[in-house]
J.: 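Encoded as structure tokens, here's the structure I'll be asking about.
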Amino acid sequence: MYKEYKGLNLPQIDQDILKFWEEHNIFQQSVEQRPAENSFVFYEGPPSANGKPGIHHVMARTVKDLFCRFHSMKGQRVERKGGWDTHGLPIELNVEKELGITKEDIGSKISVDEYNAKCRETVMRYKDMWDNITRKMGYWVDLDNPYITFENNYIETVWWLLQQLYQKGLLYKGFTIQPFSPAAGTGLSSHELNMPGTYKDIKDISAVAQFKIKGTADEYFLAWTTTPWTLPSNTALAVGKDITYVKVRAYNRYTGQLGTVILAKDRLSHYFTEAKPELQPEEVKAGNKPIPYLEVLGEVKGHELEGMEYEQLMGYVQPEKTAFKVLIGDFVSTDDGTGIVHIAPTFGADDFRVAAKYGIPPLLVKDEEGNSGPLVDRQGRFVKEVTDFAGRYVKDYGQEEERPVDADIVIKLKEENKLFHSEKYLHSYPHCWRTDRPVLYYPLDSWFVKATAAKERMYELNKTINWKPAATGENRFGKWLENLQDWNLSRSRYWGIPLPIWRTEDAKSEKCIGSVEELRQEIEKANQALGLQQQAPKDLHRPYIDEVVLVSEDGQPMKRETDLIDVWFDSGSMPYAQWHYPFENKEVFERKFPANFIAEGVDQTRGWFYTLHAIATMVFDSVAFKNVVSNGLVLDADGNKMSKSKGNVIDPFGAIEQYGADAVRWYMMANANPWDNLKFDLNGVGEVQRKFFGTLYNTYSFFSLYANIDQFDNAAPQVPLKTRPEIDQWIISLLNSLVKDTEADYANYEPTQAARKIQSFVTDNLSNWYVRLCRRRFWKPAQQQNGQAAGMDADKLAAYQTLYECLLTVSKLIAPVSPFFADWLYQNLNSATKLESHASVHLADFPSVSGSAIDKALEQRMDYAQRISSLVFALRKKEDLRVRQPLQKIMLPVLDPSFRAQVEQVSELIASEVNVKAIEYLDDTSGVLKKRIKPNFKTLGRRLGKDMKLAAGAIAKFSQEDIANLEKAGTYTLNANGNSYELTLEDFEITAEDIPGLLVANDGPLTVALDVTLTPELEAEGMARDIVNRIQNIRKDSNFEVTDRIAVQLQGHDALNSAVRHFGDYIKAETLANSLDLRPEVPGGQEIELPGGVNVQILVSRV
RNA sequence: AGUCUCGUAGCUCAGCUGGUUAGAGCGCUACACUGAUAAUGUAGAGGUCGGCGGUUCAAGUCCGCCCGAGACUACCA
């Protein structure tokens, strides 16, 4: 027996199937039943259980899950090891918020030990919630043996990787310019800089300084800055290679001295008004306004300036090497300023980079301890070497002073004839989110991975990766690789993987530790050399690891570099660290590297995708993954980003509980490509539930209802396909085409294509055409057997077998996307027939295509049938002729013999669908067809070129006679613009447009005419059908069983007597009536309404 | 600011290597159907394919610029 249900309840199905999976270890079986040699390797990007799961996680995990399930069904072993990302700033911030502390308090109010313990505890806070959503959404991942990034084994592998990089010379210490908050005394991450409210508009004093060119009397470069306090640190100027500069003879507005200044031509009008050869110095004393100049002496391109030297602007500190040169910088623009950029390598990231490229040194001073530092200390004050301004804060840190230091610098420059111009300047400037004070870009010591060394290799390897969508890989990721910078690994934090590098005080020797065992040995060495009693810490985190002192070859103590590493390195290490490679699981790792498939959000392009790729390239000279799907964002129904503050966050649990996991999953996959942003609309989920799952459910209920009555168990031999009715062959052909397409789509990581094709098959073809047209095949013979399921003729058997096959196959096709409903459907079917031995659809194989079942000609003629039927319905509608009223015939113009052959094979089907007695074909010779001609633009366009327009006009004017002549001759000579062209029939599209005197409808090349003449015979039959319909309604209203026999008494009437006389047997057969009696009166009957305003009494009773 | 993605009906999306009346589903309106019925059919309303310019006989489709949404990177003299 097939199980029958009262209604579709997807959430209930979720629960039942979930229970079944768990009780029978279906997930485990689905993995283990496949051979390990045939692995499909998937890497799970670790989520952080520190935040709650959102609806976007359901999206990302649906993508992951469905391809894993697909490859499982394709016979591959797909192990999915889960993982947890446990380090990182968000966790630290969370802890600090809860404890009400800041970073400065760590070490004083709370020990590092306690702090880290708290982090460790917080990190799994929402693990239960994550486990729960994982389970409820049907995401199959092994959460029993996850990798966890804070575990020692994980850390040890990361250390090993770092040591590999170190040994290849890819790890170095340097300094870079990073956002730094002097008020808080800490560097800031870009994450912290992106917090709301950090950028504020502030007014600063901007200055255009005059840099005197070496060896000239009075020639200057003009460079603009909004941070005059960086001028003492200037060591270079940058110009744009292709920018045109002008040399301008002008007076200095403050000193009245004559000089030649150089600035970008485009910026001339910003600082100067007009040329005045007779200009006097008094005329330029005005404040901030542009001033006139004497003359332009000449023009010069940026690249001609390259390498020129100038005199230091403010000589407090001298550089170590040659400096004060003009460089080419690609970032130089003429949008504002002078087109010449002042370079202070210690206080700007661009500055630092371009200076390093040219070997220009930064300006540094040594403090008491001999450490080098910039001219501004970590509190944000000038160092003592900057004598005039020593000890003064460079930005507003709450100090009280007469004037900001910028103003005093400007005054000093003014006095020395080094200032060209100065004004207040409003711009947005980042502030520390914790102290609200301005951030400085400040040189900080950091450890770097020399990613630039592997840039080309990464680029090459990337080309072998299949990205979905391709553009993300080629453009977004490719561009990123092209402009790659070295990877800053250092983080001055507490909760993360410690950098395993120990150094002597003088930094002359250092060691990079690659394993716990190595650490032990080094500790032993140090204990001996230094007389210590240390042991390797049980926990590799801070603070324990910080206490470890190692010893250098020459006996010096070595201390650990206090930095932690970027958490992105944690996750990028996951292919190796999840197996604790190379310390354990060597074979496992080798089998599982690289991944066949990974998937995460696009935001991971430069995150996880990059770190996986970088580490794999640098350490293993390999890709880390071969296929990657980067999915888009999940937005709310209005296209806004979901955020807690907007209150538009969709609760994934609620959505799944209300609509069922499958409806949510299916909606997400079918609605838009995963890589496009998804506007998540719960109404859309409801629609999927109703339309797709509802239809599929209805189809199954229909099947189960009659299959149970007929006790169809699919045990009888399959009726050979070729002997089944045309429509069976057709749906099986479509089904096989669908299997083929779906498989290709899944294999190509195109879930949306697959889902849409399946959906269209189920709703349009299977349900709305096949089942609708075949309904009676399922119940009609059963009636003839007096309600007994005694037997099954070949036609009926074929119908059951066909529908069964379709449903079973569909259950497998949808299994990757909607695992619950698929399993429900599969089990309902298979547990009744027991034809397959699998307990679950997820243990079954993906259906294979029977190529011989695919018949494209058949698919085409059924398409004709559907479209012709649709045209006839439209005509009936226009003439107000109900479908139950049989009509004599339809007529089809035939211009193409193969069309006729095709339609003839489905003519019966069309006739019964649209209720006509015959189909006639009107061929050309009938002479009644009115034709329509169009040029074939594709063939003609290329040949005719410019004459195409004329030709199209001429062809449009063809008369019926012209068309006839053309068809007879087969060629046509077209003259246009003095050119002559020989055209053949290929160059035209001729269709039948009209049949004069008949009711006609068109759909593209298809034309249908309907004969609407009614004979008394036809009217009687129409009436009979209406009577059947009314009786059926009464049966249904009276809740009779579909197999109940009845007796009918009908009140006589002129309009229906003939119908009963001629079609009485038909009416009885259709309605399972043992008798149909015409009576003058029907006492106790009910009134029914028949066409033509005929109201009569009828009595239907069960016998 | 740069790079990338996207912009087609009220909504969600198709639209193949450019080819001549731009499609579907949902929603809306009307009618029909009723042995799948929270389904179905037919018809109607609804589009200057974000804007401007270019290439071409022909542009939703190719190119340039602009506008808008989003992501990432950077935050600047």
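Computation of the quantities below employed the complete heavy-atom set of this structure, encompassing side-chain atoms and omitting hydrogens, waters and symmetry-equivalent molecules. Numbers restart at 1 for each chain; the letters A, B, ... are given by sequence-line order, proteins then strands.
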J.: Mind checking if K938(A) touches a base, just sugar-phosphate, or nothing, with heavy atoms under 4.0 Å?
T.: base
J.: How long is the span from the CZ atom in R267(A) to the CG atom in L222(A), to the nearest 0.5 Å?
T.: 12.0 Å
J.: Toward the 5' end of RNA chain B, which comes first, D947(A) or Y697(A), by nearest nucleotide?
T.: Y697(A)
J.: R772(A) near the nucleic acid: base, sugar-phosphate alone, or nothing, with a heavy-atom cut-off under 4.0 Å?
T.: base
J.: Of the listed nucleotides (rG70(B), rG35(B), rA58(B)), which one gets closest to any side-chain atom of Y706(A)?
T.: rG35(B)
J.: Pick base, sugar-phosphate or nothing for T226(A), based on heavy-atom distances below 4.0 Å to the nucleic acid.
T.: sugar-phosphate
J.: Taking the side chain of K934(A) as heavy atoms from C-beta outward, which of rU42(B), rG25(B), rU21(B) is closest to it?
T.: rU21(B)
J.: Once Watson-Crick and G-U wobble pairs under 3.5 Å are found, how is RNA chain B written in dot-bracket notation, 5' to 3', with | for any base paired to another strand?
T.: (((((((..((((.....[...)))).(((((.......))))).....(((((..]....))))))))))))....
J.: So how far is it from M669(A) CE to N631(A) CG, rounded to the nearest 0.5 Å?
T.: 7.5 Å
J.: Taking only the P atom of each, what is the distance from rU5(B) to rU42(B) in whole angstrom?
T.: 40 Å
J.: Quick one: F873(A) CZ to rG41(B) C1', roughly how many Å, whole number?
T.: 7 Å
J.: May I ask you to verify if any side-chain N or O of S870(A) is less than 4.0 angstrom from the OP1 or OP2 atom of rU42(B)?
T.: yes
J.: Hey, does the side chain of N768(A) come within less than 4.0 Å of rG41(B)'s phosphate (OP1/OP2), counting only N and O?
T.: yes
J.: Tell me what R943(A) touches on the nucleic acid: a base, only sugar-phosphate, or nothing, going by heavy atoms under 4.0 Å.
T.: nothing
J.: Between K946(A) and rC57(B), does any side-chain N or O lie under 4.0 Å from OP1 or OP2?
T.: yes
J.: Taking any heavy-atom pair under 4.0 Å as a contact, classify T338(A): base, sugar-phosphate, or nothing.
T.: nothing
J.: Counting only side-chain nitrogens and oxygens, does K679(A) get under 4.0 Å of the OP1 or OP2 atom of rU12(B)?
T.: yes
J.: Side chain of R690(A) only, heavy atoms from C-beta on: which candidate in rA77(B), rA39(B), rU21(B) is closest?
T.: rA39(B)
J.: Going by the rule ring pair (Phe, Tyr, Trp, His ring centres under 6.0 Å), which residues pair with F692(A) if we only count those two or more places apart in sequence or in a different chain?
T.: W666(A)
J.: Answer with base, sugar-phosphate or nothing: what part of the nucleic acid does G945(A) contact at a heavy-atom distance below 4.0 Å?
T.: base
J.: Would you compute the distance between atom CG of N234(A) and atom CZ of F347(A) and round it to the nearest 0.5 angstrom?
T.: 12.0 Å
J.: If only atom types and distance count, is the side chain of R772(A) paired as donor or acceptor with the main-chain N or O of L766(A) below 3.5 Å?
T.: no
J.: Considering every strand and a 4.0 Å limit on heavy-atom distances, what is the contact class for R267(A): base, sugar-phosphate, or nothing?
T.: nothing
J.: Would you mind classifying the nucleic acid contact of N673(A) as base, sugar-phosphate or nothing, using non-hydrogen atoms under 4.0 angstrom?
T.: sugar-phosphate
J.: I need the CG-P distance between N683(A) and rC28(B), as an integer number of Å.
T.: 12 Å
J.: With rounding to whole Å, what would you report as the distance between rG68(B) and rU21(B) at their P atoms?
T.: 35 Å
J.: Could you check how far CH2 of W666(A) sits from P of rC26(B), rounded to whole Å?
T.: 17 Å
J.: Please work out if G941(A) contacts a base, only the sugar-phosphate, or nothing of the nucleic acid, heavy-atom cut-off 4.0 Å.
T.: base
J.: For the ring-ring contact (aromatic ring centres under 6.0 Å, His included) test, which of F778(A), Y697(A), Y2(A) pairs with F702(A)?
T.: F778(A)
J.: Under 4.0 Å between any heavy atoms, over every strand shown, what does N1029(A) touch: base, sugar-phosphate, or nothing? Just pick one.
T.: sugar-phosphate
J.: With the side chain of H342(A) defined as its heavy atoms from C-beta on, choose the nearest nucleotide among rG19(B), rG41(B), rA77(B).
T.: rA77(B)
J.: Within this structure, what is the CH2-to-P distance between W480(A) and rU5(B), rounded to whole angstrom?
T.: 18 Å
J.: May I ask you to say whether K757(A) pairs ionically with D745(A), meaning some side-chain N is under 4.0 Å from a carboxylate O?
T.: yes
J.: Test side-chain hydrogen bond (donor to acceptor under 3.5 Å, both in side chains) on D764(A) and W769(A); report intermediate values, then the result.
T.: CA-CA 7 Å; D764(A) 300 342; W769(A) 190 255; over 6 Å; no
J.: Specify the separation, in whole Å, of atom CG of N979(A) and atom P of rC57(B).
T.: 14 Å
J.: Counting only side-chain nitrogens and oxygens, does K691(A) get under 4.0 Å of the OP1 or OP2 atom of rC26(B)?
T.: yes
J.: Roughly how many Å is it from CG in N677(A) to P in rC6(B), rounded to a whole number?
T.: 11 Å
J.: Which whole number of Å gives the distance between the P atom of rG41(B) and that of rC26(B)?
T.: 8 Å
J.: Let me spell it out: for each of V883(A) and L766(A), pick the nucleotide of RNA chain B with the closest heavy atom. Which residue's pick is nearer the 5' end?
T.: V883(A)
J.: Taking atom P in both rA71(B) and rC31(B), compute the distance separating them and give it to the nearest angstrom.
T.: 47 Å
J.: Where the side chain of W224(A) is concerned, which of rG35(B), rA14(B), rA77(B) is the nearest nucleotide?
T.: rA77(B)
J.: Ignoring the backbone of A672(A), work out which of rA43(B), rG25(B), rC13(B) is nearest its side chain.
T.: rC13(B)
J.: Quantified in whole Å, what is the P atom distance between nucleotide rG64(B) and nucleotide rC4(B)?
T.: 11 Å
J.: Within this structure, what is the CD1-to-P distance between I758(A) and rG25(B), rounded to whole angstrom?
T.: 20 Å
J.: Checking ring-ring contact (aromatic ring centres under 6.0 Å, His included) between F211(A) and each of F221(A), Y310(A), W224(A), which is the one that passes?
T.: Y310(A)
J.: How many angstroms lie between CG in N698(A) and CG in L705(A), if you round to the nearest 0.5 Å?
T.: 11.5 Å
J.: Return the nearest nucleotide to the side chain of D350(A); candidates are rC76(B), rC57(B), rG70(B).
T.: rC76(B)
J.: Reckon N936(A) touches a base, only the sugar-phosphate, or nothing at all at heavy-atom distances under 4.0 Å?
T.: nothing
J.: Taking the six-membered ring for Trp, are F680(A) and H56(A) closer than 6.0 Å centroid to centroid?
T.: no
J.: Check the phosphate of rU37(B) against N698(A), side-chain N and O only, distance under 4.0 Å to OP1 or OP2. Yes or no?
T.: yes
J.: Ignoring backbone atoms, test whether N671(A) places a side-chain nitrogen or oxygen under 4.0 Å from the OP1 or OP2 oxygen of rC13(B).
T.: yes
J.: Measuring only the P atom in each nucleotide, how far is rC62(B) from rC16(B)? A whole number of Å is fine.
T.: 9 Å
J.: Of all the choices, rG35(B), rC76(B), rU42(B), which nucleotide is nearest to the side chain of P430(A) once you look at every atom?
T.: rC76(B)
J.: How far, in whole Å, is rC13(B) from rC52(B) if one measures between their P atoms?
T.: 25 Å
J.: Considering only side-chain heavy atoms of A471(A), which listed nucleotide, rA77(B), rU5(B), rG41(B), is closest?
T.: rU5(B)
J.: Which listed nucleotide (rG35(B), rU73(B), rA77(B)) is nearest to the side chain of R775(A)?
T.: rG35(B)
J.: Distance check, C1' atoms only: rC28(B) and rG46(B), in whole angstrom units.
T.: 10 Å
